[in-house]
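Each chain gets a letter, A, B and so on, in the order the sequences are listed, and its residues count up from 1.
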Amino acid sequence: MLNSDLAKIFYEIADILEMQHVQWKPAAYRKAARAIESLPEDVADVFKKKGVEGLKEISGVGEGLAAKIVEYLTTKRIKEYDELKKKIPRHLSILIDIPGLGPKHAELLHKKLGINNIEDLKKAIAAHKLAKLSGFGAKSEENIAKGLELFAQGTARTLLGTALPIAEALIMQIKQVKGIGNIEVAGSVRRRKETIGDIDILVTAKDPKPIMERFTHLPDVKRIMAQGPTKSSILLKNNLQVDCRVLEEKSYGAALNYFTGSKEHNIVLREIAIKKGFKLSEYGLFNRKTNAFVAGRTEEEVYKKLGLPYIPPELRENAGEIEAARQGKLPVLVEEKDLKGDLHMHTTYSDGNNSTEEMIKAAIARGYEYIAITDHSPSVHIAHGMTEKRLVKQLAEIEKLQKKYKDITILAGSEVDILPNGSMDYSDKILKRLDWVIGSVHSAFKMPRDKMTRRICKAMENPYVRVIGHPSGRLMGKREPYDVDMKAVFQMAKKTGTFLEIDSQPPRLDLKDVHIRAAIDAGVTLVIDSDAHDVNQLRFISLGLMTARRGWATKKDIANCLPLDKFLKLKK
DNA sequence: GCCGTTTTCGGCCCGACTGTTTTCAGTCG
């Protein structure tokens, strides 16, 4: 069972109840849904282990909701949910996914205009029926029409690797306004989430007016979505939404905390604040009774007054970080300076853009102690996989280059295909000659789960395969991950001493955050690689590092944080 | 529906912006 399935039902119940003007219950259902969604353990397992009492330990779950969870686990249904669904037409709940249209208005549109789905809504807008409704107007109709447009474009999220440079560029442009104190990107970009929905920019200044002016008139603005004295939203020409908020200097920490989120993390912090007699908002932490300012200049200060150590943004998902913080068990996250080498990169020998020597020089410039050159094996035809003969030629060249560049150790490696039957694309005889072998799947992606799992596990049993490259094979926005039993992969990786890769290519970020955390829990050691196909892609490794941090990785979980001598001593 | 060093009853995270209001509800983050 997926926790997210159950959470989805609770969210939907909340929406339906809200449409019926039920008070408070919607919030209760949503709260429980959020807790279940971010629960590291499967709800079914919780119930199996600890029964109903275990379920009630989940925050926001009490007697009533625990009973509903049990009902769902045992009968696969929730009676009340089925009843509620009967009361509202199918697909009406889809309407509230339209930006600008919430449960209350959706219900009103249904009641007054008989709108049951997106098609009905489009027709009603075309006939200007909405504008005549009391509570609505020409503007509301226009807004919903615009929301419908955005909805039609899909809820496609933007890759972190795409959003980060855009955010940086926007900040540079806004910075030109005089009188800016701090300016920083917040939101999911600051939490380094693999994909982001919008960009949040936070600014401190005495006078917000010129900043709002500048922000809403940036060269790439397609449309101003909202404009107020301290907060505005714009849509960029690339359809990315950007929010900007201006606050006073003394609120900077509280505001940064607030706008970094996640929403779920913030809600828990505010609940802690209340219990301590405070009120927490983007303006600061205040005494609930006297309204006196308690903290807010820095995030550290806010956390401290709440009785917590500083929690890094990457962990703020309400996925156990607050409990860990309370118990002093927060991980010391791996940092960019800890990385001593990069163990996956391509050259013109296969599908890279630069020569082996150019890659080496670029790696030296980045200050690495060691790298591995890892071009493709023959069966990856589209990537000009190397025949054994060409590989041997490259090995000789690497040997020569190693003599020329003594500041870095060059591991002669290869990214070798794991064939559909689980055997490797080069003979063991050749693999034996290599310093570093990555095993990767690049073909037959659609194998059934058990076959794919066996395929990858068999590769790990090969004594020369040191690491599995991009273990899930996903390309965000383009290709689903292959169907593979990750738990089994983690167990085999642990058993055979094979590393698993965190591939840093922007659409890959593979392993992903939750898998990284699970792999570490399973005792697996990881490797962060750029998988660079160009000298300019070596820097992608920072994206993999961010993902590792989101997966609670410490320095000791990452093999390429070891200095060369220790790294070389790691035996399979 | 949940929850308790304000409360077992009566609260529930907090605030900005918008549009339709003539003092506030809906939506969003």
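- With rounding to whole Å, E142(A) atom CD is found 9 Å from dG19(B) atom P.
- The side chain of P99(A) sits closest to dC28(B) out of dC28(B), dT27(B), dT20(B).
- Closest-nucleotide positions on DNA chain B for S281(A) and G64(A) were compared, and the one nearer the 5' end corresponds to G64(A).
- Listed nucleotides dA16(B), dC14(B), dT20(B) differ in distance to I274(A); the shortest reach to its side chain belongs to dC14(B).
- Distances were taken from every side-chain heavy atom of A226(A) (C-beta onward) to each of dT18(B), dG15(B), dT27(B); the shortest belongs to dT18(B).
- With distances taken from any side-chain atom of H105(A) to the nucleotides dC14(B), dG1(B), dT27(B), the minimum falls on dT27(B).
- Atom pair L133(A):CG and dG26(B):P shows a separation of 13 Å (rounding to whole Å applied).
- In the set dT18(B), dG1(B), dC14(B), the nucleotide with an atom closest to the side chain of K279(A) is dC14(B).
- Looking at K68(A), R77(A), K76(A) one by one, the single match for salt bridge (Lys or Arg N to Asp or Glu O under 4.0 Å) with D82(A) turns out to be R77(A).
- For N143(A), the side-chain atoms get nearest to dT18(B) when compared with the rest of dC28(B), dT18(B), dG29(B).
- Relative to the side chain of K68(A), the nucleotides dG1(B), dC28(B), dA16(B) differ in distance, and dG1(B) lies closest.
- Nucleic acid contact for Y258(A): base, since at least one base atom lies under 4.0 Å from a heavy atom of the residue.
- Close to dG1(B), at under 4.0 Å from its OP1 or OP2, lies a side-chain N or O of K25(A).
- As a whole-Å value, the separation of L101(A) CG from dT18(B) P is 18 Å.
- The distance from atom CZ of F278(A) to atom P of dT5(B) is 16 Å, rounded to the nearest whole Å.
- For M225(A) and dC28(B), the CE to C1' distance is 11 Å, given to the nearest whole Å.
- For a distance-only test at 3.5 Å, the side chain of Y283(A) fails to qualify as a donor-acceptor partner of the base of dG15(B).
- In this structure, V242(A) and L236(A) have side chains that are in contact, with non-hydrogen atoms separated by less than 4.5 Å.
- Of all nucleotides listed (dG15(B), dG19(B), dG29(B)), dG29(B) comes nearest to the side chain of Q241(A).
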